[in-house]
Amino acid sequence: MAESSLSKVYEPRETEAKWYQYWLDRGFFRAEDTSSKKPFSIVIPPPNVTGMLHMGHALNNTLQDVIIRYKRMQGFNALWMPGTDHAGIATQNVVEQELAKEGVTRHDLGREKFIERVWEWKKKYGGVITNQLKRLGCSCDWSRECFTMDENLSRAVREVFVRLYNGGLIYQGDYIVNWCPRCHTAISDLEVEYKEEQGFLWHIRYPYVEGNGEIVVATTRPETMLGDTAVAVNPDDARHKDKVGQSVILPLINRKIPVIADHYVSVEFGSGAVKITPAHDTNDFAVAERHGLEIIKIMDGSAVINENGGVYRGQDRYVCRENVVRDLESGGYLVGREPYVHNVGQCYRCKSHIEPMVSRQWFVKIKPLAKTATAAVVKGKTRILPPMWEGTYFEWMNNIRDWCISRQIWWGHRIPVWYCDNCGQMIVSTVDPDSCSECGNNKLRQEEDVLDTWFSSALWPFSTLGWPDKTPALKTFYPTSLLVTGFDILFFWVARMMMMGLYTMKDVPFRDVYLHALVRDEKGEKMSKSKGNIIDPIEMIDKYGTDAFRFTLAAFTAQGRDVKMSEERIEGYKYFVNKIWNATRFSLMNLEDYPGERVSVGRNEESLPDRWIRHQLNRTVNEVVKSLDEYRFNEAAAAVYQFVWHEFCDWYLELIKPTLYGKGDPAQRQATQQTLFTVLKISIKLLHPFMPFVTEEIWQTLIRDGSSIMVSDFPAGDDSLQDLQAEKQMRVVMDVVTSVRNIRGEMNIAPSKKLRAVISVPEEELRAIVTTGKDHIVNLANLEALDIGGKMEEPKDAATGVIGSIRVFVLLEGMMDVAGELARLEKEMGRVTKDLTFVSKKLANRDFMAKASKTVIEKEEEKFRAVKEKHVVLDAALKKLREMSAPHHA
RNA sequence: AGGCGGGUAGCUCAGCAGGGAGAGCGCCACGCUUACACCGUGGAUGUCACAGGUUCGAGUCCUGUUCCGCCUACCA
C-alpha cells in the first residue's frame, strides 16, 4: 500500500496546475454529442471578453462546477458549455481607449479597420477570463468553446432577426430612447442606472399670448425649454381650466405653444402646469403622441444644442442651462429656484448622464413573446429557484416595454437590413444580398446599427449547440438542464432567453434556473473599484488555494441571500483542507500494510467504531445527495464538513488508533483498515465537486490504480449500512467519555494526567454497552483504571457525572476540590431542574395531553423519565457533597 | 410610490413540514497526547426587532409597527 511521503501541510500551488492539465489531457471535460448516458447540460453565463474574474464570476462558476462534477460522477453525459460574450459597448470602449493612447479615434480608422482592431484585441486579451476559470477548476468542455461573434452564432443572430421580422415582431420607429452622449448610442431601459442628485427646481413664467397673465411651470432642466411645444395642465384643475386651448409664448424662443389638458399632470405638484418637451423627456413624448404635438429635437448626439436652439446652438447642454437661466432671469421670466433632489439616469457603462432623445431605432415587439415566456413558467416547464424570484419574473413580464435592440456602435452584429437608395426598397435577409430585389440595383447600403449585445446572448442556449443547424448536440442537450446565474441579470438575460428560446425552438431553454446571491464585501456592500473593497478571486486562490476558496463560496451560499465575503472565512476553510490532508496522511501511515479492498470482511468482524462511522457516512451521503439535488450548496457543504471533521477525525480516528497500532486481533485490525480506507475514499468523493484538486491529489496517492476521482462514481445512499444499534451504543460511549473530559476540564486537570474512574450502570442493557466500549472509554478519556458495575455506592473523593441512570465517578484522591465540584454539580442541577419543571408542566397540561399528537406525547414522556432519573441521581450526589463540605462539629 | 428580502450568541449566518434554539469565527481555561497548534479537550454567551393574534404549544403561521438592504417606477 501507499507509503506516506506527504508533507505536513497541503501545498495547493503545484498540485492544482498538475491535475487540471491531467484532466484536460484525458478529455474528462468532454461531453458526447450522442450517448447512451442521460444528458445533463449547463450553458455558462458568458462573461464579457473584456472581463476579469471577479467574485461574482467566482461564485457563479463554482456553483456550476459543483453541479456539473456531481452529475458527471453520477453517470450523466454532462456538458458544461463555455464561452464569452462580445460585449458591444464595453469592448468598443476598451479598444477606443487603447486607440486614444495612440492619439487616434475610431473615426480616423474607419469602421472596417476598427473592427479588425477589435478582433486583434480579442485574440490577444480575450482569453484572460477563460484562463482564470481554469484556475478555478471549472470543468467546462473547452473543445466547444463559443464566442457570440463566432460565424455560427452570428448566423443564428441573423436567422432569428429575420424570423422575428417576418413574424411582425421587429419594427423600426421614431421613439424616445435613452441616449448616451458619450457612447453615442441608444441604450435599453435596463442599461440606465438612476442615481439621486442634488439639483434645482426652476420656476419659469410663460406669458399668455392674449391678455395679461402667465402660467408658471417648474423644471429641473431649464435648457430643455428650447424644445417645448406645449404646456400641459390637469383637465380637472380648476385653476387652469379656462386656459386650456389658449396659447403661451415660449420665452427666449418666442414660439407660440398651446396649453393642453392631460391627466398625466398632477394637480398637487407645483403650479399644476408642466412644460412639454417631447423630444427630450419620456413622459412628454407620450403626451405629445396623445395630442399630436410637434416634436422638436434641440440636441445632437453629443448633447450639444443644435440649430433648433437659436442662439444657444453649439453649446453643451449644461453650459446652455446656465445661459438659459441667466437670460430668463434678465428677461424677467425666472420666478425663482429651489434646491431639489431628483433622480438622474446614467449610462451603466460610462456613467454619463443619459439624454432622453427621439431617434429612429429598431424594436422588438415584446408583449407576445413575454406572454409565452410567462406561460411556460406558470405551467412549470421551467422552474425558477428559489421560488421567490418567480414573482419578480412575472411582475416584470407583465409590465414589459418594447425592447430597443439597435445600437449606434460598430462592434457587434450588424443589423441584417439593406437599403436600396435607388428605389427605396428595404431588404431584410439572412445572407448579404447582391442586388435590390425590387429594382435590381446592386448598390445597396447596409443598416449602420448593430444589435444590442443581449440579442445574441438571448440565443445562447441553442446557438452554442449549433442552431440553426440540426446538430446532434442540439438534439441531445436542448433544453438545457440548468442555468445558474445571478439575479441581477434575470431581466437582461434569463427572461430574454426564455422568450427567444420559446419563439425559435418552441421549447424552453432550460428546465431549472437557479438564481444565486450577489457577493458583497464583509460589510455587505457591493464590491466596486471605486469603493476599493474588491477582493480579487485569483489573489485568494494564490493565497489559500482553489479548494478552500471554492468551499467557502459554496458554504456561504444560502438561498436568496447575499454572500458576504471576507478573507478570514477563506482562511478558515484552508484549515479544513489541511485537516483533510492530515487525516489522509494519518490514514496512509496506517494503511501501509493494507492489501486493498479485495479483502472481504464480514459485518461481525467490524468493531463498534467501524459500524458507527459507516452508519454516519451513509447518513452524510444521503444528506449531500439530497441537498445538491435541491441546489442547497451550503447544506451539502455543512454536512460533509461536519462529518469529516467532527465525526471522522475527532472520534473515529481517535477510536481506532489502538487497533491500528496493532496490539489486538490482526483480523480486527484488517477490518478496521478496510473501513478506514473505504470511508476516506467515499469522503473525498463527496468532497470532490467542491474541492476538485486536493481530492484528486489524495485519490491518486490513496488508490494508485491509474483512475481519477473525477470520473469515479458519486456515492449513493445504502440502507444496508444503516446501523441504529451502533449509533445508540456509540452515543453511550461518547457521552461517558465526554462526561469524564468535562470533569477534567472543569477541575483543571491536565489531559495527560491519567485518571481512575468507576461507572455505575444499573440497567443491564446499558451495562453491556459500557462494558463492550470499555477499552474505548479508557482510551479516549485517558484512564488508567476503569471499573464498571451495577448500582454502586459513590466512592470517596470522587467527581460525579450523570448520564441518565448512569453515574460516572472520577476518583480524585488528593485532588478533590469540593467547592469546585459542588459548583459544577449545582450548575448542572440548575439546568436539570429547569428541564424537569418544563416537561412536567407540559405533561400536567390537560389540553396538551388531549390535543398533541401521540408521538409528541410519547417523546415528552420519555424525556420526563430521563430528566427525572438524572434529577434524582444528581440530587443524591449533591446531598452527599453538601454534607462533606458543611463545617462539622465533632 | 410599489414590490421583494432581511432583522436569531460579540461577528457572519443556518434553522427547509410549528413540539423548550444551532454552526463557524471570536472569547475563556487546560494541553506541543507519535495525522494536523492550519491542532485537541472542556467552558461561557441568546426577552429569536417590537406589539397583537391563531394554537395545547410560535424563531417557525397571520396582522400591524419599526429599522436595514435590494429591485422596479418615477411628479415636471
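Letters go in sequence order (proteins before strands), and every chain restarts at 1. Since the structure is predicted, the reported quantities are computational estimates derived from the model, not experimental observations.
Base contact: Val265(A) has a heavy atom under 4.0 Å from a base atom. Tyr340(A) comes within 4.0 angstrom of the backbone, heavy atoms only, and of no base. Within 4.0 Å (heavy atoms only), Lys657(A) reaches at least one base atom of the nucleic acid.
With G19(B), C36(B), G42(B) as the candidates, the nucleotide lying closest to the side chain of Asn582(A) is C36(B). When distances are taken from the side chain of Lys863(A) to each of A35(B), C36(B), G20(B), the shortest belongs to G20(B). The side chain of Pro751(A) lies closest to G40(B), out of G40(B), A76(B), A14(B). Between G43(B), U33(B), G20(B), one nucleotide has an atom nearer to the side chain of Lys834(A) than all others, and that is G20(B). Among the nucleotides U33(B), A76(B), C39(B), the one closest to the side chain of Trp645(A) is C39(B). Listed nucleotides G43(B), G19(B), A35(B) differ in distance to Lys827(A); the shortest reach to its side chain belongs to G43(B). The side chain of Arg741(A) lies closest to G42(B) when the candidates are U12(B), A76(B), G42(B). Comparing atom distances between the Phe487(A) side chain and each of C70(B), C38(B), A37(B) picks out C70(B) as nearest. Counting only heavy atoms from C-beta on, Tyr194(A) has its side chain closest to C74(B) among C36(B), C74(B), C38(B). Looking at the side chain of Tyr575(A), the nearest of the listed nucleotides C39(B), A76(B), A35(B) is C39(B).
Side-chain polar atoms of Tyr333(A) and Glu214(A) form no donor-acceptor pair below 3.5 angstrom. No side-chain donor-acceptor contact under 3.5 Å links Asn622(A) and Arg619(A). No side-chain N or O of Ser840(A) forms a donor-acceptor pair with one of Lys868(A) less than 3.5 Å apart. A donor-acceptor contact under 3.5 angstrom links the side chains of Arg569(A) and Ser566(A), judged on distance only.
Taking atom CZ of residue Phe285(A) and atom C1' of nucleotide A76(B), one finds them 18 Å apart after rounding to whole Å. For the pair Leu655(A) CG and U33(B) P, the computed distance is 20 Å after rounding to whole Å. With rounding to whole Å, Ile215(A) atom CD1 is found 13 Å from A76(B) atom C1'. Rounded to whole angstrom, the span from the NZ atom of Lys859(A) across to the P atom of G19(B) amounts to 8 Å. Atom C1' of nucleotide A76(B) and atom CZ of Phe269(A) are separated by 6 Å, given to the nearest angstrom. Straight-line distance from the CZ atom of Arg831(A) to the P atom of U45(B): 8 Å, rounded to whole Å. As a whole-Å value, the separation of Gln642(A) CD from G24(B) P is 7 Å. Remark: C1' of C38(B) and CZ of Phe576(A) are 13 Å apart, rounded to the nearest angstrom.
Between the side chain of Glu395(A) and the base of A73(B), no donor-acceptor pair of N or O atoms lies under 3.5 Å. No donor-acceptor contact under 3.5 Å links the side chain of Asn748(A) to the base of C30(B). Taking only distance into account, the side chain of Lys8(A) never meets the base of C36(B) through a donor-acceptor pair shorter than 3.5 Å.
For C67(B) and U8(B), the C1' atoms lie 16 Å apart once the distance is rounded to whole Å. Taking atom C1' on both U72(B) and G64(B), the two are 25 Å apart, rounded to the nearest angstrom. To the nearest whole angstrom, the two P atoms, one in G19(B) and one in C61(B), are 11 Å apart. For the P atoms, the distance from C74(B) to G5(B) is 23 Å, rounded to whole Å. Remark: the separation of the C1' atoms in A44(B) and G26(B) is 13 Å, to the nearest Å. Across G18(B) and C36(B), the matching C1' atoms stand 43 Å from one another, rounded to whole Å. Between C16(B) and A49(B), the two P atoms lie 14 Å apart (nearest whole Å). Only the P atoms considered, G69(B) is 14 Å distant from U12(B), to the nearest whole Å.
Checking Val9(A) against His342(A), the closest nucleotide of RNA chain B that is more toward the 5' end is the one next to Val9(A). Where Ala750(A) and Arg569(A) each meet RNA chain B at their nearest nucleotide, the meeting point lying more 5' is that of Arg569(A).
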Once base and sugar-phosphate atoms are separated, protein heavy atoms under 4.0 Å mark nucleotides 55-61 of chain B, 5' to 3', with B, S and - as -B-----

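Considering only side-chain N and O atoms, Asn742(A) lies under 4.0 angstrom from the phosphate OP1 or OP2 of G43(B). Between G24(B) and His646(A), a contact under 4.0 Å exists linking OP1 or OP2 to a side-chain N or O. For C36(B), the OP1/OP2 oxygens have no side-chain nitrogen or oxygen of Lys574(A) closer than 4.0 Å. Not one side-chain nitrogen or oxygen of Tyr573(A) sits closer than 4.0 Å to the OP1 or OP2 atom of U12(B).
Under a 4.0 Å N-O distance rule, the pair Lys870(A)/Glu828(A) qualifies as a salt bridge. At a threshold of 4.0 Å, the pair Glu11(A)-Arg13(A) does not count as salt-bridged, since none of the basic side-chain nitrogens sits closer than that to a carboxylate oxygen. Salt bridge status for Glu821(A) with Arg824(A): present, with a side-chain N to carboxylate O gap under 4.0 Å. Between Glu862(A) and Arg865(A) there is a salt bridge, since a side-chain N of the basic residue sits under 4.0 Å from a carboxylate O of the acidic one.
Remark: U72(B) base-pairs with A1(B); criterion is Watson-Crick or G-U wobble with both hydrogen-bond distances under 3.5 Å. Look at G18(B): it lacks any Watson-Crick or wobble partner with both distances under 3.5 angstrom. As the counterpart of G42(B), C28(B) is assigned, both hydrogen-bonding distances of the Watson-Crick or G-U wobble pattern falling under 3.5 Å. Nucleotide C61(B) forms a Watson-Crick or G-U wobble pair with G53(B), both donor-acceptor distances falling under 3.5 Å. The nucleotide U47(B) finds no pairing partner, because no Watson-Crick or G-U wobble arrangement with both distances shorter than 3.5 Å includes it. Across all strands shown, U34(B) has no partner, as no Watson-Crick or G-U wobble contact with both distances under 3.5 Å is found.
Applying the 6.0 Å contact sphere to CD of Glu861(A) captures more than 12 heavy atoms from other residues, nucleotides or ligands.
Going from atom CD of Glu697(A) over to atom OH of Tyr10(A) covers 6.5 Å, rounded to the nearest 0.5 Å. Between the CZ atom in Phe556(A) and the CD1 atom in Ile570(A) there is a gap of 10.0 Å [rounded to 0.5 Å].
For Phe690(A) and Phe551(A), the ring centers sit closer than 6.0 Å to each other.
Take Tyr641(A) and apply the ring pair (Phe, Tyr, Trp, His ring centres under 6.0 Å) test, not counting sequence neighbours, and it matches Tyr573(A), Phe576(A), Trp645(A).
Within residues 218-225 of chain A, the residues approaching RNA chain B are Ala218(A), Thr219(A), Thr220(A), by heavy-atom distance under 4.0 Å.
Using a 4.5 Å heavy-atom cutoff, the side chains of Ile749(A) and Val810(A) are not in contact.
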